[in-house]
Amino acid sequence: MFRRFFATATKGANLVSDVVIVGGGPAGLTMASSLKNSPILRDLSCTLIESGDITSTLQDYYADPPETILNRCVSITPATIEYLDKIGAWKFVKKARTENYDYIHTYDGLTGAAMEFDSPDMATMIENFNIQASLHQRILELNSEQPVNPLDLRDNTKVVKITRDPKTSWPIVQLSSGDSIKTRLLVGCDGARSPVRKFARIESRGWAYNQWGVVATLKYKDSGFRSPTGWQRFLPTGPLAQLPFPDSWLSIVWSVPPELAVVLVSLSDDSFVTMLNAASRLSQEELDSLYDLARDEPEKLKEEAEWRLGLFNDNLTAEQEEKFPPMVESLVPKSRGRFPLKLSHADDYVDERLALVGDAAHTTHPLAGQGLNMGQADVKSLVSTLEKSRERGLDIGSKFALDPYYSERYPYNHAMLGVVDKIHRIYSTRSPLVVWARSLGVDALNNVPFVKDLMVGQVSHMKSTK
Amino acid sequence: MLAQSRLGKTALRPLVQSRNLFFLPTLASAATGFFLRDSIRLANSLEDNVNQRKSSNDVILEESEIKPYFSRPAKKYPNHIPLYPYEKVAMFVTSAIGAFLHPEKNQYIVALGESTAIPPFLKRLRKQMLDDETGRQILKDRPNITSTSLDLDKLAALPENTFGRTYYEWLKREGCSPDTRVPVRFIDDEELAFVFQRYRQCHDFYHALAGLPISREGEIAVKFFEFLTLGIPFAGMGAVFAPLNIRKSQRDRLLTIYYPWAISSAANCKKHLINVYWENIMEKDVNELRDELGITLPPDMRELRRIAREKRRALQANPSPTP
Ligand SMILES: Cc1cc2nc3c(=O)[nH]c(=O)nc-3n(C[C@H](O)[C@H](O)[C@H](O)COP(=O)(O)OP(=O)(O)OC[C@H]3O[C@@H](n4cnc5c(N)ncnc54)[C@H](O)[C@@H]3O)c2cc1C
């Protein structure tokens, strides 16, 4: 092992860094800005490794944002915004490209039972790139403020291998550039397939939801002013979420079985729009027929779906109309994408000189829009744990110093994953008994404001630390 | 249906009825709404600070603006007669008893048909139409079968081997007309009402294809065949209960000849019959059509009955000597 280390070391530089962050996604960039923003931690040397080309793409986005809303979007909570603001990144967010919505209309595809949540400023829709670009700007700003010890951001660089120093047992990351970095603390913000977690041999438990999330950016028909509303219809094939953006833009996450995801993504733009409108309104039997048509005779889909929608809309009273999202008019070309959905939770978030953050530690179904928010709360917790141990003079990389992060975050994340999983299960069934019980439950809940507020409170205002 | 419309927010509840336990959520939401409505209203008004400023008269006035529990909902199509659930139950019970005791009275049969055509079954039928190109076309065209729409004179002029002519001859022999079918009135969803009307109007085509008469016996045989191919519960009830109430010789004929025919034809049936656009295939060769659909021609029921009758008469005229 020593020989191999020696051998690679001869090719590139042999570096040392107090903290190495793997991954420049939302979690990694937040981690980096937060460390450099902390008066207690900012003197630590810190490197971020990202395989993708982020500095130029994020700079381009920031300098000249695209005309349309990008397809990767998230719903973030006030707690997340508060934190991004605290670390100085929120001011760089392009606010005109975000939408606050204080009303989410959830309805049941089989029974029509509806539940409305509203609470001031419940959530904000934002493009992932908007978050990442503003964090990047914040990092540039912090680096210019502290030119002696800047964050070393290395993109277009992949972590190809991780080993431990045989003597000190510090992790050593080997980079695709040939360099290697030995570190006191390795932070894995490297997403669901986390190489860092694999290196640490931390077991991640869970299961794949037999669903893919189809995402896309679309535009509503102009139907006069409607206050920004999120819509989520629970269909037995999976939830369909329509989330609002300014200027009648919307972003969707349409969770469906993998076979159906393939079909939906391959439809023509027009047919996809019609199918989407159908899925937000028509009955399950009608949808089942349309899905078959979409698979077998896609050229006929548009006409048939429009016929069914016409029938449906003709029978709708003005009052009922309010219970459905507006009709979608068009799809941004090439904006469709699909992502496998799974539940996973790492047994541990920390090890000697190693911590996992964000999707590297846990993944969840997007139906509650919590994945990224949970990662933000992880960063907040980990950074404050590091601050405390630094103040007490502990070695920040020791498992002992890192443990409070795990014990603070694990139970909360576990509960969240569990609740989301239960909701997913309850709604993915066609079993009449469950369907009945859930409608009863939803109707009862919708009638008791107190319980609902509690639920909204749980979802949007829960603070990650005491 | 009605319970729902009084809870404004569940006005879209008809979707519910696709489930087998279609009535439970309705009942449940009605119950929850009922038990909680006062406390919810009170809580809401307390929250909004309205209650304090109002006299109790105002509150009573406001309450009276809430929709009355029993107001008949609006018609969904011209012939529609919206019923309360209890009325539907009453209609089912009376028509079932009536149909059993007086199967010759059309009104009972019609009412029984409609009260058992509950949405889950109709939705299944509609689903089968939606899954088929012709079925969808029928749903779009909404054809109504009448003697004018079919143009009986034209059918009479068709060559003998055509389906249209066969149907015409059958009408003539049985002395009936496509206009005798009663319009659907009690089914609440407009499209499902059409589906049921279509089912009802196509019934005579099966008779004609199989050459079965509209006597009680012939009716039972066709109903059984319909039940097996279309899954209409009413037809199945007829097939199970009606034979209890007929002469033994008729029952024997049904059990040995016509039920087996219905079972084998239904098993071989190649196309869902609700998806056959009968009006458009009048000129088709009738045997070709039977082959295409996989339906065989059963022995002529009238003929069998005539033979049986003659035998009986012969027996009565000169009873054979006891051995
Ligand atoms: C369809 C969908 C909808 C969602 N909607 C919401 C929502 O509404 N609200 C919400 O809060 N969350 C949502 N999420 C979840 C959210 O997107 C994720 O939780 C979040 O993006 C995770 O961020 P991360 O930084 O932890 O991981 P990632 O974004 O996966 O980032 C990991 C990074 O690590 C890099 N990397 C990996 N391996 C290496 C390596 N070997 N070397 C170098 N770099 C490496 C990758 O290139 C990547 O940039 C949704 C997810 C999906 C799929």
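Throughout, protein chains are lettered first and strands after them, A, B, ... in sequence-line order, and every chain is numbered starting at 1.
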Report the distance from atom CD of B:E190 to atom CG of A:L311, rounding to the nearest 0.5 Å. 7.0 Å
With chain B, the option among A:L290, A:D292, A:L293 that has the most non-hydrogen atom pairs under 4.5 Å is A:L293
State which residue, out of A:E285, A:Q284, A:E286, fulfils the side chain to side chain contact (heavy atoms under 4.5 Å, CB included) condition with B:K123. A:E285
A:E303 and B:R136 ion-paired at < 4.0 Å: no
Is B:L139 close to A:R308 at the side-chain level, that is, under 4.5 Å between some pair of heavy atoms? yes
State the CD-CH2 distance between B:Q137 and A:W307, to the nearest 0.5 angstrom. 8.5 Å
Pick one of side chain, backbone, both or neither for A:D288, based on which atoms fall under 4.5 Å of a heavy atom in chain B. both
For residues 262-300 of chain A, which residue pairs pass the ring-ring contact (aromatic ring centres under 6.0 Å, His included) check, not counting sequence neighbours? A:W254-A:F272
Value for NZ (B:K127) from OG (A:S283), rounded to nearest 0.5 Å, stands at 9.5 Å
